[in-house]
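Not measured: the values here are computed from a predicted model.
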Amino acid sequence: MRIIVVIGRVLDPAGIVVNRRAGRIFVNREEYILQPADRCALEAALRVKDAAGAEVIALPRSLLPDDDVLRQALARGADRAIHLVGQVGNLPYEDAAMTRVLAAAVQRLGGADLILTGATTLDTGQSQLGPRLAEALGWPQILGAWQVTIQRVSESAKWMMQAVVMAQRATLKDVILSDRRERRISWLHERETLRCAQGDIFGAVRRDGAGYVTVEADLPAVVTVAPGALKLRYPDGVRLINVYRAGDAVERWEVSDLVDEAALRPQLEKRGQEFPPERERGVRLSGTPEEMAQALAETLRQRMRR
Amino acid sequence: MDVSYLDLLMAQQEEVVEAEGGGGVWVVADVLDGAVAPVTLEALGAARTLADALGAYVYAVLLGHGVTGLAQTLTQAGADGVRVADHPALAQFALEPYLQVLADLFQAQQPEVVLFGATAMGQELAPRLAQRMGGGLIEHVTAVSLDEATRTVQASVPIYGGEYLEVLACPEARPQFLTIEPGAFPAPFLDPYRQGEPTLLEVEPVEAAVHVVGPAGDFEPPAVPLSRAPVIVAAGRQAGDFELVKRLAAALGGQVAGDRGARDAGWIGHEQIVDVRGVTVAPKIYVAVGIRGDTFHNAAIEEAKFIVAIHPDPTAPIFQIADLCLEADPREVLPPLLEALEAT
């Protein structure tokens, strides 16, 4: 099984100060971190790898000047990482162009069973890369998953049941050997409650209004993982050092080999910045407590909708 | 004086005329609890403004089962034409059947601008339609303007959750897809004199690729630490009844916290103290109930996006940093507040 996880980077908001009155953004510390939702997608991919066995390949969400996020993915357990080298204008919004590049990359890799990526980006809040990729490949999509599990099921019903039990026993043992923390094991037990059916079945827990529902789809599929759904594991120390020491740990693919120049034309353009008005502090409500309570309830209700 | 003929006259004037042919500004309607979702009405208001500037018509698309009656609301909110796909297969939102209907419709009509609400449905459908039709998509739009020379919509999107906005445009690719952030646009006036007949669409059911197995009963979402909670209701020495504070937190879907006074009263644990020496928080909404607000507490809530303070003393330091101040005893404010919030 082959899992592709698409990850990106974001300028750490802790290093930015937005001055609304001056209408300027001050970058005090230019440090890039993994997109929070992409961190969860990477963890989901690694958990599937732990449970069912898979090859995890990391690809970038946009064309990056360096391959640091890909090395971080390798250090945490991804098997391959491919740095796509090229120029796309207006970087963070070129999801349409990146969809073409990534679809071509998936083709060149010889297809995949599952593509995981973050449900949204921290900075621009755009969530279109996952569904666009699903459309380009003609695959089903599950957006905003909180938990991703996978099961290999055979064609014959009898064999199917056995295979499930054996796979679970084997993976449970592997996980106990590799990681003794209790949380991982309890997560594996939850997997057993999933329904079995023909083909490669795959379940994900998705948020639906107030509660959570389990949904399933045949593979191949595109799944986007909600930010904060899973906690990314720490990298293995020795692996981390090796990944950063080896010059060729990350493969380099030229984008021009994958798609022609016309496919990379930017679709959206940035036409400026706006700053919301400065906060007006100390607004006092007047009236009786009941009137104040009504006004406050209305304000809170409007705020909750945002 | 008999003015009943006025009604008749108005009705005649406001009879909606629908144009033939392509183009137009389209809105895909969300249905929430058997009614048109507020975000759809807001999108119709935005669509009306755009269409008037473009010299185009506004169309609404309604998908579902037993929803034909809602078409009237869409017309009243500003749609010149309403297309309804009413079929049992569309009763629950599923991507493939909905996508099939909309893709067929838009391929035939070639819209200029398509608006969705930034809801679960809009976020699933808009990118797939944009990809299929080669259009551009701008998500989570909070304001729109028009570049009339090129008939291009310029849309503002919040960056880092609204720290600032970037204005984006899609100059060449058509249609231009937008998803509208709920609550960002004013809801339009529902004009009872606007009337029109909805056009019914043919629906050929398509099998959905993703099936719902059932509620994930034993799934527990990961616990959100207080420092990253989106809504916090904190109690102080003057809070009065802590049970009311807990109910307020539940009504807002938030977490309970407090200052040192609340810990001394035994209401909260040590790990729930909001203070620079305890937990520093950055919620979207912070409600301080009966907290006087010493320097350490106020510094710990500096990053909060919206602060409400309820305290009987008008000189309490919390009022200097709060966005909304209520000089009142929490014991008098909380019961009517809970009544108003829990009613909806």
Just so I understand: if I count every heavy-atom pair under 4.5 Å between each of B/Leu338, B/Thr179, B/Asp323 and chain A, which residue has the most? B/Asp323
Would you call A/Thr299 and B/Leu324 a side-chain contact if the rule is heavy atoms closer than 4.5 Å? yes
Heavy-atom contact with chain B under 4.5 Å, split by part of A/Ala226: neither
B/Asp329 versus chain A, the contacting section by heavy-atom distance below 4.5 Å: neither
Taking every non-hydrogen pair under 4.5 Å, which of B/Gln131, B/Glu163, B/Gln123, B/Arg128 racks up the most with chain A? B/Arg128
With the side chain counted from C-beta on, respond yes when A/Thr288 and B/Glu332 share a heavy-atom pair under 4.5 Å apart, and no when they do not. no
Which of the residues A/Thr121, A/Leu133, A/Leu129, A/Leu11 is involved in the greatest number of heavy-atom pairs with chain B at under 4.5 angstrom? A/Leu11
Relative to chain B, which of A/Arg265, A/Glu291, A/Glu298 shows the most heavy atom pairs under 4.5 Å? A/Arg265
Pick from A/Ala295, A/Ser286, A/Pro13: which one has the most heavy-atom pairs with chain B under 4.5 Å? A/Pro13
Whatever's closer than 4.5 Å to a heavy atom in chain A on B/Ile321 counts as both
List the atom of B/Gly135, the atom of A/Arg132, and the distance in Å for their closest heavy-atom pair. O-NH2, 3.2 Å
Tell me, out of A/Gly287, A/Gly125, A/Ala136, A/Pro131, who's got the most heavy-atom pairs with chain B below 4.5 Å. A/Pro131
What residue, out of A/Gly130, A/Pro140, A/Ala96, A/Gly272, has the most heavy-atom pairs lying under 4.5 Å from chain B? A/Gly272
Pairs of heavy atoms under 4.5 Å with chain A: top-ranked of B/Thr142, B/Leu125, B/Val287, B/Val308: B/Val308
Under the ring pair (Phe, Tyr, Trp, His ring centres under 6.0 Å) test, which residues partner B/Tyr164, sequence neighbours left out? A/Phe275
Chain A: which of B/Val157, B/Ile285, B/Leu99 shares the most heavy-atom pairs with it under 4.5 Å? B/Ile285
Let me see the working for A/Leu300 and B/Leu341 under side chain to side chain contact (heavy atoms under 4.5 Å, CB included), right down to the final yes or no. CA-CA 9 Å; A/Leu300 286 176; B/Leu341 284 175; 4.3 Å; yes
Minimum heavy-atom separation for B/Phe319 to A/Arg284, with atom names? CB-NH2, 3.4 Å
Within the supplied structure, the quantity of interest is the number of heavy atoms (other residues, nucleotides, ligands) at a distance under 6.0 Å from A/Glu30 CD; does it exceed 12? no
Decide whether A/Gln141 and B/Glu124 meet the rule of one side-chain donor and one side-chain acceptor closer than 3.5 Å. yes
Among B/Ala184, B/Cys170, B/Ala169, B/Ala328, residue most engaged with chain A (heavy-atom pairs, under 4.5 Å): B/Ala169
More than 12 foreign heavy atoms under 6.0 Å from CD of B/Glu303: is that the case here? no
Among B/Val167, B/Asp147, B/Leu129, B/Leu337, which residue forms the greatest number of heavy-atom pairs with chain A at distances under 4.5 Å? B/Val167
When rounded to the nearest 0.5 angstrom, what is the spacing between CG in A/Leu296 and CG in B/Leu334? 9.0 Å
Using heavy-atom distances under 4.5 Å, tell me whether B/Leu252 contacts chain A through its side chain, its backbone, both, or neither. both
Does a side-chain heavy-atom distance below 4.5 Å link B/Ile307 with A/Arg279? yes
Which region of B/Val231, side chain (C-beta onward) or backbone (N, CA, C, O), has a non-hydrogen atom less than 4.5 Å from a non-hydrogen atom of chain A, or is it both or neither? side chain
Contact summary for B/Pro171 and A/Glu269, nearest pair of heavy atoms: CG-OE1, 3.5 Å
Between B/Glu166 and A/Arg271, is there a side-chain N and carboxylate O pair less than 4.0 Å apart? no
Checking A/Gln267 side chain against B/Ala173 main chain: does a donor-acceptor pair fall under 3.5 Å? no
Tightest non-hydrogen contact, residues B/Ala340 and A/Arg301, listed as O-NH2, 3.0 Å
Is chain B contacted by the side chain of A/Ile25, its backbone, both, or neither, given a heavy-atom distance below 4.5 Å? side chain
Testing the basics here: between A/Glu274 and B/Ser156, what is the closest heavy-atom pair and its distance to 0.1 Å? OE1-OG, 3.0 Å
Any idea which heavy atoms bring A/Ala293 and B/Val333 closest together, and the distance? CB-O, 3.6 Å
Side-chain (A/Glu290) to main-chain (B/Pro336) donor-acceptor, under 3.5 angstrom: no
Crowding at CZ, B/Arg228 (>12 non-hydrogen neighbours, <6.0 Å): no
Can you tell me how far CD1 of B/Ile159 sits from CG of A/Leu122, rounded to the nearest 0.5 angstrom? 10.5 Å
Checking an interface table here. Which of residues 16-24 of chain A come within a heavy-atom distance under 4.5 Å of chain B? A/Ile16, A/Val18, A/Arg20
I want to check something: taking the side chain as every heavy atom from C-beta on, are B/Tyr160 and A/Val10 in contact at a cut-off of under 4.5 Å? yes
Please look at B/Ala118 and chain A and tell me whether the side chain, the backbone, both or neither of the residue comes under 4.5 angstrom of a heavy atom of that chain. neither
May I ask you to test the A/Ser127-B/Glu139 pair for a side-chain heavy-atom distance under 4.5 Å? yes
B/Pro158 portion near chain A, given a 4.5 angstrom heavy-atom threshold: backbone
Are B/Leu137 and A/Asp95 close enough that some pair of their side-chain heavy atoms sits under 4.5 Å apart? no
List the steps, then state whether side chain to side chain contact (heavy atoms under 4.5 Å, CB included) holds for A/Gln273 with B/Leu165. CA-CA 6 Å; A/Gln273 279 173 349; B/Leu165 306 157; over 6 Å; no
